[in-house]
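Lettering follows sequence order; numbering is per chain, from 1.
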Number of protein chains: 2
Amino acid sequence: MAVTIKEVARVAGVSTATVTRALSSPEVVRPATRERVREVAASLGYHPNRAARGLITGRTGNLGLLVPDLANPFFPSIVKGVQGRAHEADHAVFLADTDEDPAAEAGLVRKLAKQVDGMVLCSPRMAEAELRELAAEVPTVLVYRRIPGVPSVTAEFLDGMRQAVSHLVALSHKKIAYVAGPRSSWANRERVRSLRAVTRKSEVELTEFGNVAPQFHGGVSVADSVLASNVTAVIAYNDLVALGLLHRFAARGVSVPGDISVLGFDDIPLAEMVHPALTTVALPKEEAGQAGVDLLLDRKPAVRRELPTQLMVRGSTGPAR
Amino acid sequence: MAVTIKEVARVAGVSTATVTRALSSPEVVRPATRERVREVAASLGYHPNRAARGLITGRTGNLGLLVPDLANPFFPSIVKGVQGRAHEADHAVFLADTDEDPAAEAGLVRKLAKQVDGMVLCSPRMAEAELRELAAEVPTVLVYRRIPGVPSVTAEFLDGMRQAVSHLVALSHKKIAYVAGPRSSWANRERVRSLRAVTRKSEVELTEFGNVAPQFHGGVSVADSVLASNVTAVIAYNDLVALGLLHRFAARGVSVPGDISVLGFDDIPLAEMVHPALTTVALPKEEAGQAGVDLLLDRKPAVRRELPTQLMVRGSTGPAR
DNA sequence: TTGAAAGCGTTACCAC
DNA sequence: GTGGTAACGCTTTCAA
């Protein structure tokens, strides 16, 4: 049986009320009493039961975190960010993985809703209307998704895309491809929009492929189509797709960046481990998770934070052939 | 404000006790009453407050999961397994990442202990004595660690190592290296033990390197030493270390598997994405997570499950030069 | 500065 | 079958 506040009170020779105060409002109890209580609590290994506390305060000290697929290396970093910052703020984190199933999202959120002070929804795939409903039921912060009226943390996609295209233009690429990710992905829509906006002002001719799954095999499956076109560079929805392209190109004996340049998005750890290393637009991941928690705990309504992006130039991009 | 059991009782014209029974022990209440209560509950959108329920039943419907580092691609798969199975059993999952800090583990477990029905500890680094203490305080299942008296899920390392060595022997390798992982890692100790046992019975000469960090850079850092020895094959503590070896070998112009064969452990998704693809001993990951939850919820005391391993032969191993 | 007691939402026990 | 009520562990009045 776990040690309760009663036990601490008994041993310390005070009332339970004093124990509570010694622990959560130290300034209102006489120093001597406070220290005695704290010592007893420590020696007994007392930790308040947060469920019981939540019952009366209305605050659980818990956060909920929803991700589409933990197997996608983009998300663990965000989870680490959320988790780390939450623990700093003395909150525990419920994790739910939806396996890329938009239909499962709302149910999972509602199930957790009553046990948490707020939810961090990471790249949710569900429809905007449903998302808004949910946000009305439980304090919500969106990470890598933006809808009006709901606090969110995203990155400067437009600027990232500008860096990417400038880089390719500087290498004399004139015809470039974009391999699109899931249609339901807000990030994909943003990337397409940014890319079109950036290329419209330049001499670059854009060809679009997809949509593919945001995974390695998505890139593999579209690689041959990309090769069959006459582009000299390809920007992938994300790094996993880019790695799939690299893989298939290598298997076909196509040289990267000799024959074609490849550029990804995200900067997952893997990007640096492959040969050639992947040029990619780095998105803030841990930082985004931390910022999400900050927004949630500060309760500033409808704040939008947009974090900077950074092109990481590596071996997979080179001069146009 | 959420709707409570009182509200339902009032509207249905029964006592709160009857509402509880209608919902959780349907057989003991008269069908007519039961239906009326259920309809009212549904129409009001009533969901029992799990924290309040837990206070009295002693069961929270929550599980805790501790991992050393979510950024290591081995762990997200386990988390997915735990998460998925827990949700099937209508349990939510608290996730805690210790950032490879053994000292942080016990504190995190104790903080979660009161809010959960049990903890899944994944590759915990802490000392055995401390682990045993913890297991006495809260129902615990160990994944990828084994100590007497505590339920655990591990894999057949010995058999996996046997498969690995047989494979190399069949390719005429006579001198092989092992790159050891962290000294504090139980998995590393098991692998060393298995490897020694297997090679003792064969003609193979074993050279040991390390210990290195269980990460990409760990492999990079030891690669030159391995090359300087006269081995024709190297078995790495895990896939990340193996990838580090591959990376450095490529940078040195060493051909794999022409000059040296490389073999990993884990079968993380990356293993298939690199060139040459990594031959590795696949460990059950999602399955291990699922089995961990099963053990926890079944409450069978001190069960040890040992899941099968499978050598995945890929491009990074070939005939000895 | 401290203690007694009410109450958070739920379930379990004991009467009826 | 059903209702009243104590109890879970905690925080927050209200008095002293």
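Residue-to-nucleotide contacts include no donor-acceptor pair under 3.5 Å from the side chain of A/R50 to the base of D/dG9. B/R34 contributes no side-chain N or O that forms a donor-acceptor pair with the base of D/dG1 under 3.5 Å.
Comparing A/A51 and B/S15 by the nucleotide of DNA chain D that holds the closest heavy atom to each, the one mapping nearer the 5' end is B/S15. Closest-nucleotide positions on DNA chain C for A/T18 and B/T57 were compared, and the one nearer the 5' end corresponds to A/T18.
Of the charged side-chain nitrogens involved, none lies within less than 4.0 Å of a carboxylate oxygen, so that B/R305 and B/D294 do not count as a salt-bridged pair. By the 4.0 Å N-to-carboxylate-O rule, A/E7 lies close enough to A/R10 to be salt-bridged with it.
For the pair B/E27 CD and D/dT2 P, the computed distance is 13 Å after rounding to whole Å. Rounded to an integer number of Å, the gap from B/Q115 CD to D/dG9 C1' is 13 Å. Straight-line distance from the CZ atom of B/R21 to the C1' atom of D/dT5: 12 Å, rounded to whole Å. Distance CD (A/E35) to P (C/dT2): 12 Å, rounded to an integer number of Å. When the C1' atom of D/dG9 is taken as reference, atom CG of B/N49 falls 14 Å away, rounded to whole Å. When rounded to the nearest whole Å, the span between NE2 of A/H47 and C1' of D/dT11 equals 19 Å. If you take CG of B/L23 and P of D/dT2, they are 14 Å apart, rounded to a whole angstrom. As rounded to whole Å, 16 Å separates atom C1' of D/dC8 from atom CD of A/E7.
Of the candidate nucleotides C/dG3, D/dT12, C/dT2, C/dT2 has the atom lying nearest to any side-chain atom of A/R30. Side-chain proximity of A/T20 to D/dT11, C/dC13, C/dT2: nearest is D/dT11. Comparing C/dG7, C/dT2, C/dT11 by their nearest atom to the side chain of A/I56 picks out C/dG7. Between C/dT10, D/dG9, C/dT1, one nucleotide has an atom nearer to the side chain of B/I5 than all others, and that is C/dT10. Candidate nucleotides D/dT2, C/dG9, D/dT11 were compared by shortest atom distance to the side chain of B/V29, and D/dT2 ranks first. Closest approach to the B/A17 side chain among D/dG4, C/dT11, D/dC10 is made by D/dG4 (side chain taken as heavy atoms from C-beta onward). Residue B/T4 has its side chain nearest to C/dT10 when only C/dT10, D/dG9, C/dT11 are considered. Closest contact between the side chain of B/K6 and the listed nucleotides D/dC10, C/dT2, C/dC8 involves C/dC8.
B/D266 places no side-chain N or O within 3.5 Å of a backbone atom of B/I268 that could act as its donor or acceptor partner.
Using modelled atom types and a 3.5 Å distance limit, the side chains of A/T154 and A/R146 yield a donor-acceptor pair. Counting only N and O atoms by type, the side chains of A/N49 and B/Q115 include no donor and acceptor under 3.5 Å apart.
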